Amino acid sequence: MIIDYENETGSEVRKPLLLIVDDDRNLLNSIALILERYDYYFITCDNGTEALSILAEKDIDVVISDFRMPGMTGLELLDRIKKINAEIPIMLMTAYAELDIAVEAIRKGAYNFIIKPINPELFLNLINQAIEHANYIQIEKNYKEHLEKEVAQKTRELYESLILLNDLSNEIVKRLTMAAEFKDTDTGEHIKRIGLYASEISGELKMPSGFVEAIAFASQLHDVGKIGIADGVLLKPGKLTPDEWKLIRSHPLIGAKILSNSSYPKIKASEIIALYHHERWDGGGYPYGLKGEEIPLEARITIICDQYDALKMRRPYKPPLSQEEVIEIITKGDGRTLPEHFDPEILNVFKKISSRFEEIFNSYIT
Ligand code: C2E
Ligand code: SIN
Ligand code: SIN
Ligand code: FE
């Protein structure tokens, strides 16, 4: 009788609750005896007004009401209940002689009628039918809730797909930058590290999470323009000629061109970083010789990350340097690199968290 819609709809199964309304105490008692014997849940009352207040408070599944009662009649009660809840099955109890009234009740929306005197077997049968009907109504309601849950579930799945897509785009970044840098770096680890250093610095600068997330992604693409530089120049073990330098110095412009006109904020950030990551705070960088805060913050952060990592690792033109040597070059200068190249605030952050840089370097190495 009780339908298990747990599996279909994920809803709680609830035992149906009946409301029996009759001014005849003896009849109520005999109905109660039958229902108790078969383990039904029910509430009884002896007038329509009380029935309505019970209906307002309790979750009644089926109403069984006498026809003739002092005060509100069964038919009036039917009308009132229908106005409040049109779906609840209502059965009216009537004597055989009043069958015409019972027919009118059906016309007004009663679910069924029960003829007095009550035959227990028939009575239970009719009640079970009504309960089943109530269950179907409940299933329909639950189905709506089920749909809502389904929407929530699909939203979650969509979110998970977005995470996958994010992984996918990270992998594409890695492969794209490797295409550009395979030439002068061993693996994609350098790229990953730049993103990690840049987010560390941004976090220290208390930048909003959107900025941190964007720079973690975008800084990895800073050297994508090296894809346009001939291997003979990029892989040259020794010093570069002035013409070769001219070629190298075009890699920010090439990178910015590759990344230009995107509508994705993270790619826009990549374009900016690619274009300005060799600009120096003192105005001595390239391609434009911008100075101080003319240089976008993202690029001011990335340059120090890039230089730290380039110094730490082996390049075709240089051996790897120790942490002490690298810190010395960045904070005190070596003639080629000078502290004046960096935003002083960012340089201070670098000094403060340089051991974190070393941890990142040592964790992402092949
Ligand atoms: P990269 O190897 O990724 O280096 C990035 C930046 O790190 C360099 O930008 C420079 O600021 C710093 N850096 C790298 N190695 C050293 C070093 O030994 N000493 C100091 N003080 N700083 C260093 P920069 O100078 O604008 O160079 C841009 C790119 O040009 C380099 O990217 C690299 O691909 C290429 N490059 C630079 N110097 C040479 C070289 O002597 N030979 C060759 N074949 N390529 C070079
Ligand atoms: C170099 O030392 O190879 C170039 C110096 C520079 O312009 O950073
Ligand atoms: C900031 O803009 O929040 C600090 C970084 C800087 O401009 O030096
Ligand atoms: Fe570069």
Side-chain angles (χ1 to χ4, degrees), residues 173 176-195 197-198 215 218-259 270-290 295-296 298-343 346-347 350 357 361:
V173 167
L176 183 59
T177 46
M178 274 173 77
E181 292 203 57
F182 218 89
K183 306 162 172 183
D184 71 339
T185 72
D186 299 352
T187 65
E189 298 304 293
H190 158 71
I191 293 144
K192 212 185 277 174
R193 292 193 299 263
I194 299 292
Y197 306 137
I215 199 169
S219 61
Q220 298 182 85
L221 287 161
H222 70 281
D223 262 349
V224 75
K226 280 185 181 171
I227 206 164
I229 309 297
D231 286 6
V233 176
L234 215 51
L235 300 180
K236 185 177 174 181
K239 280 234 164 230
L240 299 171
T241 67
D243 279 349
E244 288 166 340
W245 258 114
K246 220 176 141 193
L247 286 175
I248 289 271
R249 288 157 80 102
S250 68
H251 81 273
L253 292 160
I254 297 168
K257 180 136 190 164
I258 291 170
L259 298 164
S270 306
E271 179 188 353
I272 285 171
I273 290 172
L275 187 56
Y276 299 116
H277 75 278
H278 284 290
E279 297 289 359
R280 294 169 174 174
W281 186 257
D282 65 2
Y286 60 91
Y288 302 120
L290 298 184
I295 308 161
E298 296 88 330
R300 282 182 267 144
I301 292 170
T302 303
I303 188 175
I304 204 162
C305 304
D306 183 31
Q307 296 212 9
Y308 171 85
D309 209 75
L311 289 166
K312 282 280 280 184
M313 74 187 299
R314 181 183 306 281
R315 290 297 204 202
Y317 62 94
K318 63 167 277 296
L321 303 182
S322 71
Q323 176 77 358
E324 293 68 34
E325 289 170 305
V326 172
I327 293 190
E328 179 82 12
I329 290 170
I330 291 177
T331 61
K332 305 223 167 70
D334 69 345
R336 176 175 169 179
T337 296
L338 294 170
E340 291 75 31
H341 295 172
F342 307 110
D343 177 336
I346 295 171
L347 185 58
F350 170 77
F357 272 58
F361 186 86

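Along the sequence shown, residues carry numbers from 1. Since this is a predicted model, take the numbers as computed values, not measurements. Counting convention: from 1, in listed order, for ligands and their atoms alike.
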Within ligand 1, which atoms have a heavy atom of [X] less than 4.0 Å away?
| X | value |
| --- | --- |
| A310 | 4 (O), 5 (C), 7 (O), 14 (C) |
| D334 | 19 (N), 20 (C), 21 (N) |
| Y286 | 24 (P), 26 (O), 27 (O), 28 (C) |
| L234 | 34 (O), 44 (N) |
| K236 | 42 (N), 43 (C), 44 (N) |

How long is the straight-line distance from [atom2] of [Y] back to [atom1] of [X], given to the nearest 0.5 Å?
| X | Y | atom1 | atom2 | result |
| --- | --- | --- | --- | --- |
| H278 | D306 | NE2 | CG | 5.5 Å |
| I254 | D223 | CD1 | CG | 11.0 Å |
| L221 | I258 | CG | CD1 | 9.5 Å |
| I346 | I301 | CD1 | CD1 | 5.0 Å |

Contact summary for L240 and V233, nearest pair of heavy atoms: CD2-O, 3.8 Å
Residue among H251, R300, Q307 satisfying side-chain contact (heavy atoms from CB on, under 4.5 Å) with H277: H251
side-chain contact (heavy atoms from CB on, under 4.5 Å) partner of F342, chosen from T337, T331, D282: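 Running side-chain contact (heavy atoms from CB on, under 4.5 Å) over T337, T331, D282 with F342 returns exactly one hit, T337.
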Side chain, backbone, both or neither: which applies to [X] and ligand 1 if a contact is any heavy-atom pair less than 4.0 Å apart?
| X | value |
| --- | --- |
| V233 | backbone |
| W245 | side chain |
| T337 | both |

Pick, from [options], the option with the minimum heavy-atom distance to [atom].
| atom | options | result |
| --- | --- | --- |
| atom 1 (P) of ligand 1 | H190, K226, Q307 | K226 |
| atom 3 (O) of ligand 1 | R315, H222, H278, H341 | R315 |
| atom 38 (N) of ligand 1 | K239, R336, K318 | R336 |

Angle at the Fe ion (ligand 4) (to 10°), with one arm to NE2 of H278 and the other to NE2 of H277: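 Taking the Fe ion (ligand 4) as the apex, I get 90° for this pair.
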4.0 Å heavy-atom contact, D223 with ligand 1: yes
Proximity flag G238 to ligand 1, non-hydrogen atoms under 4.0 Å: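 A heavy atom of G238 does come that close to ligand 1.
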Would you confirm whether [X], through its side chain, and [Y], through its main-chain N or O, come within 3.5 Å as a donor-acceptor pair?
| X | Y | result |
| --- | --- | --- |
| E279 | L290 | yes |
| K318 | M313 | yes |
| K192 | G195 | no |

Contact check: H251 to the Fe ion (ligand 4), N/O/S below 2.8 Å: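 An N, O or S atom of H251 is closer than 2.8 Å to the Fe ion (ligand 4), so yes.
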Atom name in D223, limited to N/O/S, at shortest distance from the Fe ion (ligand 4):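 Going through the N, O and S atoms of D223 one by one, OD1 ends up nearest to the Fe ion (ligand 4).
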